[in-house]
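Worksheet: one structure, shown below.
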Amino acid sequence: MVSLNESWLTPLQPQFDSSYMANLKAFLLAEKNAGKVIYPKGAEWFAALDATPLENVRVVILGQDPYHGEGQAHGLCFSVQHGVRPPPSLLNIYKEIKTDLGLDPPNHGNLKTWAEQGVLLLNSVLTVEAGKAASHQGKGWERFTDAVIQLVNDQAHSVVFILWGSYAQKKAAFVDQSKHLVLKSVHPSPLSAHNGFFGSKPFSRANAFLKLKGRGQIDWSLPPT
């Protein structure tokens, strides 16, 4: 049984009933039975969906895999739990927010308040083996999260898709740009941020679109711990 916000559970039920999800469940169970540590913990695999019901989605930010270090991942892409040092990509996101909106960075890396305002912080793959980046790619999660993005594309209105890096841009290539705004740039990773992420102003551009469409604005500031 999957415990999930009803706005997602009903339309995604065909995915949960599918053979690929049965195979994914069997894979994850076998990994656990083999003594492998999986991040995030099971109760947080669908945390992004639980934190942002479908009818509340105003912005989608796509990540790739959960962080694979101890205590980091908690089900929201780019976000880490309180008490964990923000990773380099998130620090670069904070730098761009400072440049774009003049907001000082918080003293933590937890982005849950964004999710609660309608920012769907969705990774393509929802689990990872501890210490092994990309270890759960190709096991079925990508197909599930494709269905999530398709659902937002079809049922939500005037959503901003913020796509950092080629992986995210390919994954959401089907988004209907006559209904939604798609913002693209390179990834905020230190390896690429200086090649077009810095100065891309995704946060102010997202808010301008949302305001124009009568959907309010996101408060991109984060409260201190």
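FYI, side chains are in, hydrogens and waters are out, and symmetry mates aren't considered; it's all heavy atoms of this structure. Since the structure is predicted, the reported quantities are computational estimates derived from the model, not experimental observations.
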Could you check whether any side-chain heavy atom of [X] comes within less than 4.5 Å of a side-chain heavy atom of [Y], counting everything from C-beta outward?
X: Gln72; Y: Pro87; result: yes
X: Asp104; Y: Lys98; result: yes
X: Tyr67; Y: Pro40; result: no
X: Leu54; Y: Gln155; result: yes
X: Ser189; Y: Pro88; result: no
X: Asn207; Y: Ile218; result: yes
X: Pro223; Y: Thr113; result: yes
X: Leu103; Y: Leu222; result: no

Donor-acceptor contact present, side-chain [X] to main-chain [Y], <3.5 Å:
X: Ser200; Y: Ser185; value: no
X: Ser79; Y: Leu76; value: no
X: Lys179; Y: Asn153; value: yes
X: Asn123; Y: Gln64; value: yes
X: Gln117; Y: Asp219; value: yes
X: Glu31; Y: Lys36; value: no
X: Glu96; Y: Gly199; value: yes
X: Ser7; Y: Pro53; value: no
X: Lys201; Y: Leu101; value: no
X: Thr145; Y: Ser124; value: yes

Heavy-atom closest pair, residues [X] and [Y]:
X: Cys77; Y: Gly63; value: SG-N, 3.8 Å
X: Glu129; Y: Ser135; value: N-OG, 2.9 Å
X: Glu55; Y: Arg215; value: O-NH2, 4.0 Å
X: Pro11; Y: Glu6; value: CD-O, 4.2 Å
X: Leu111; Y: Tyr94; value: CD2-OH, 3.8 Å
X: Phe78; Y: Leu90; value: O-CD2, 3.3 Å

Rounded to the nearest 0.5 Å, what separates atom [atom1] in [X] from atom [atom2] in [Y]?
X: Ser166; Y: His187; atom1: OG; atom2: NE2; value: 9.5 Å
X: Gln137; Y: Thr127; atom1: CD; atom2: OG1; value: 10.5 Å
X: His157; Y: Asp154; atom1: NE2; atom2: CG; value: 14.5 Å
X: Trp141; Y: Leu126; atom1: CH2; atom2: CG; value: 4.5 Å
X: Arg205; Y: Leu183; atom1: CZ; atom2: CG; value: 4.5 Å
X: Gln217; Y: Ser204; atom1: CD; atom2: OG; value: 10.0 Å

Note to self: How about NZ on Lys112, more than 12 heavy atoms from neighbouring residues, nucleotides or ligands closer than 6.0 Å, or not?
What the structure shows: no
Check: So does Glu70 have more than 12 non-hydrogen atoms from other groups sitting under 6.0 Å from CD?
Finding: no
Check: Does any pair with a residue in residues 19-44 pass ring-ring contact (aromatic ring centres under 6.0 Å, His included), and if so which ones, sequence neighbours excluded?
Finding: Phe27-His136
Check: So which pairs with a foot in residues 107-132 pass ring-ring contact (aromatic ring centres under 6.0 Å, His included), sequence neighbours left out?
Finding: His82-His108, Trp114-Trp220
Notebook entry, point to check: Yes or no on side-chain contact (heavy atoms from CB on, under 4.5 Å) for Lys41 and His74, after CA distance, side-chain angles and deciding distance?
Noted result: CA-CA 7 Å; Lys41 60 185 180 182; His74 64 122; over 6 Å; no
Note to self: Please evaluate residues Gln81 and Asn110 with respect to the criterion side chain to side chain donor-acceptor pair (under 3.5 Å), reporting the C-alpha separation (whole Å), side-chain torsions for both, the decisive distance (0.1 Å), and the verdict.
What the structure shows: CA-CA 5 Å; Gln81 299 185 68; Asn110 192 303; over 6 Å; no
Assigning hydrophobic clusters by single linkage (Ile, Leu, Val, Met, Phe, Trp, Tyr; side-chain heavy-atom cutoff under 4.5 Å), is [X] placed with [Y]?
X: Leu122; Y: Val175; result: yes
X: Phe161; Y: Ile61; result: no
X: Leu49; Y: Leu62; result: yes
X: Ile162; Y: Val119; result: yes
X: Val59; Y: Ile149; result: no

Next item on the list: Kindly say whether the aromatic ring centers of Phe46 and Trp8 come within a distance under 6.0 Å.
Entry: no
Note to self: Which residue is it: Thr99, Asn92, Asp100? I am looking for the one with a side-chain contact (heavy atoms from CB on, under 4.5 Å) to Phe198.
What the structure shows: Asn92
Next item on the list: Test Gln13 against Asp17 for side chain to side chain donor-acceptor pair (under 3.5 Å), laying out the working first.
Entry: CA-CA 6 Å; Gln13 194 62 53; Asp17 293 339; 3.1 Å; yes
Next item on the list: In sequence, state the C-alpha distance, the side-chain angles, and the governing distance for Val60 and Val160, and then conclude on side-chain contact (heavy atoms from CB on, under 4.5 Å).
Entry: CA-CA 6 Å; Val60 176; Val160 182; over 6 Å; no
Next item on the list: Kindly determine whether Val159 and Arg58 satisfy side-chain contact (heavy atoms from CB on, under 4.5 Å), including the steps that lead there.
Entry: CA-CA 5 Å; Val159 172; Arg58 295 191 285 169; 6.0 Å; no
Margin query: Let's go through Val148 and Gln15 carefully: what are the C-alpha distance in whole Å and the side-chain angles of both, what is the deciding distance for side-chain contact (heavy atoms from CB on, under 4.5 Å) to 0.1 Å, and is it a yes or a no?
Written below: CA-CA 10 Å; Val148 172; Gln15 306 300 317; over 6 Å; no
Notebook entry, point to check: Angle class for the Phe144/Phe16 ring planes (parallel below 30°, perpendicular above 60°, tilted otherwise)?
Noted result: tilted
